[in-house]
Asks: 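Got a structure for you, questions after.
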Amino acid sequence: MRVRRLHDWPATVPEARAVQEELRGLVDLAGPGPEEPELVAGVDVGYSPEDDRLVAAVVVLRAGTLDVVEEVAVSGRVRFPYVPGLFAFRELPTLVEALERLTVTPDLLVCDGYGLAHPYRFGLACHLGILTDLPTIGVGKTAFVGACEPPGPERGAWSAITDGGETIGRALRTRRDTKPVHVSQGHRISLSNACRQVLELAPRYRIPEPIRQADRLSRRDI
DNA sequence: GCGACAG
DNA sequence: ATCTTGTCGC
């Protein structure tokens, strides 16, 4: 699929912040996003324990059956330090290469990490949404910014993640008695639809299937 | 000022 | 992210 080249990859913190400030105004939070997506892609990155290599993985699933339609893994090198809030600049360059090698265009992109629920309201999922112009969802495994009450114990229970009075995401229980995931909007999808999609994509495990598959692939090829 | 901070 | 053993539960 085609990915827009809106900027060069920044090498420094100030450059990266400038890119975020420039692109954050382009984010579409109105959605509503696809009602019944046909193809859903998951993206994740795995890191080498011994050097600076990383593997970006994209797995496309048929939404109805969760069957794998296409897989792409691309290896690269870390070119940006881990700075909370600028996490996307580590993974995006190689992730974009992997997406460009996709022969199909997904209807929805599920990202490992945050979208709106981000210190500058522009996490990896928002950034990837702008570059691909696809609806994107951010799914985080741990809390980052904002606060929320613990949702009820049942699958499907959720509570709002708020920060300074504004709602930036939801803690969503995808599996009974299991730690919730943190869902936030990336681009071109509403928060309620994002949660509905995440729930449908995680019928069995805590982590939505597209991300689980991408995670497996990124570790296998490192 | 200090610590905490997606992966 | 990654380094790590056992353990509890389906």
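By convention in this document, chain letters (A, B, ...) are assigned in the order of the sequence lines, proteins followed by strands, and residues within each chain are numbered from 1. Small disclaimer: the values here were computed from a predicted structure and weren't measured. The basis for the numbers below is simple: all heavy atoms, side chains too, and nothing from hydrogens, waters or symmetry mates.
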Asks: Can you give one letter per nucleotide of nucleotides 3-10 of chain C, 5' to 3': B if a protein heavy atom sits under 4.0 Å from the base, S if only from the sugar-phosphate, - if neither?
Replies: S-------

Asks: Who passes salt bridge (Lys or Arg N to Asp or Glu O under 4.0 Å) against A:D112, sequence neighbours left out?
Replies: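 Partners of A:D112 by the salt bridge (Lys or Arg N to Asp or Glu O under 4.0 Å) criterion, ordered by chain and then number, come out as A:K141.
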
Asks: At under 4.0 Å between heavy atoms, how does the protein contact nucleotides 1-7 of chain B? Give one character per nucleotide, 5' to 3', with B, S or -.
Replies: ----SBB

Asks: If I take atom CD1 in residue A:I222 and atom P in nucleotide C:dT2, what distance separates them, rounded to the nearest angstrom?
Replies: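 Value for this atom pair: 8 Å.
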
Asks: When you measure from the side chain of A:T136 to the backbone of A:A125, do you find a donor-acceptor pair of N or O atoms at a distance under 3.5 Å?
Replies: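 Present.
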
Asks: Return the set of residues passing ring pair (Phe, Tyr, Trp, His ring centres under 6.0 Å) with A:F144 (not counting sequence neighbours), or none when no residue passes.
Replies: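 Listed in chain order: A:Y114.
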
Asks: Return the set of residues passing salt bridge (Lys or Arg N to Asp or Glu O under 4.0 Å) with A:R101 (not counting sequence neighbours), or none when no residue passes.
Replies: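 Salt bridge (Lys or Arg N to Asp or Glu O under 4.0 Å) list for A:R101, sorted by chain: A:E97.
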
Asks: Between A:T142 and A:K179, is there a side-chain heavy-atom distance shorter than 4.5 Å?
Replies: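 A:K179 reaches A:T142 side chain to side chain.
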
Asks: In dot-bracket, 5' to 3', how would DNA chain C read with Watson-Crick or G-U wobble pairs under 3.5 Å, [ ] for crossing ones and | for pairs to another strand?
Replies: ..........

Asks: Hey, mind stepping through A:C126 and A:Q185 against side chain to side chain contact (heavy atoms under 4.5 Å, CB included) and telling me if it holds?
Replies: CA-CA 7 Å; A:C126 299; A:Q185 292 159 275; over 6 Å; no

Asks: Residues of residues 176-189 of chain A with any non-hydrogen atom less than 4.0 angstrom from an atom of DNA chain B: list those, numerically ordered, please.
Replies: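 Hits under 4.0 Å, by residue number: none.
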
Asks: Are the side chain of A:R4 and the backbone of A:I130 linked by a donor-acceptor contact shorter than 3.5 Å?
Replies: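 Indeed, once roles are kept as given, a pair shorter than 3.5 Å links the two residues.
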
Asks: Does any part of the side chain of A:D163, heavy atoms only, come nearer than 4.5 Å to the side chain of A:R121, both counted from C-beta?
Replies: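 With C-beta onward as the side chain, the pair touches.
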
Asks: Check residues 32-46 of chain A and write down every donor-acceptor pair under 3.5 Å in which the side-chain atom is one partner and the other belongs to a residue at least two apart or another chain.
Replies:
residue: A:E35; atom: OE2; partner: A:R196; partner atom: NH2; Å: 3.1
residue: A:E38; atom: OE2; partner: A:R62; partner atom: NH2; Å: 3.2

Asks: Under the salt bridge (Lys or Arg N to Asp or Glu O under 4.0 Å) rule, collect the residues that match up with A:D51, sequence neighbours excluded.
Replies: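 Applying salt bridge (Lys or Arg N to Asp or Glu O under 4.0 Å) to A:D51 gives A:R53.
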
Asks: Give me each pair satisfying salt bridge (Lys or Arg N to Asp or Glu O under 4.0 Å) with a member in residues 63-83 of chain A, each pair once, sequence neighbours excluded.
Replies: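 The answer is A:D52-A:R77.
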
Asks: Indicate yes or no: at least one non-hydrogen side-chain atom of A:V198 is less than 4.5 angstrom from one of A:L201.
Replies: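 A side-chain contact is absent here, since even the closest heavy-atom pair is not under 4.5 Å.
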
Asks: Which distance, rounded to the nearest 0.5 Å, do you find between the CG of A:L61 and the CD1 of A:I211?
Replies: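 Rounded to the nearest 0.5 Å, the CG-CD1 separation comes out at 10.5 Å.
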
Asks: Side-chain atoms of residues 82-92 of chain A: list all donor-acceptor pairs with protein atoms under 3.5 Å, sequence neighbours left out, distances to 0.1 Å.
Replies:
residue: A:R90; atom: NH1; partner: A:F80; partner atom: O; Å: 3.0
residue: A:E91; atom: OE2; partner: A:Y47; partner atom: OH; Å: 2.7

Asks: Given Watson-Crick or G-U pairs with both distances under 3.5 Å, what dot-bracket string fits DNA chain B, with | for other-strand pairs and [ ] for crossing?
Replies: .......

Asks: Are the side chains of A:R206 and A:R212 in touch, meaning some heavy atoms are under 4.5 Å apart?
Replies: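 With C-beta onward as the side chain, the pair stays apart.
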
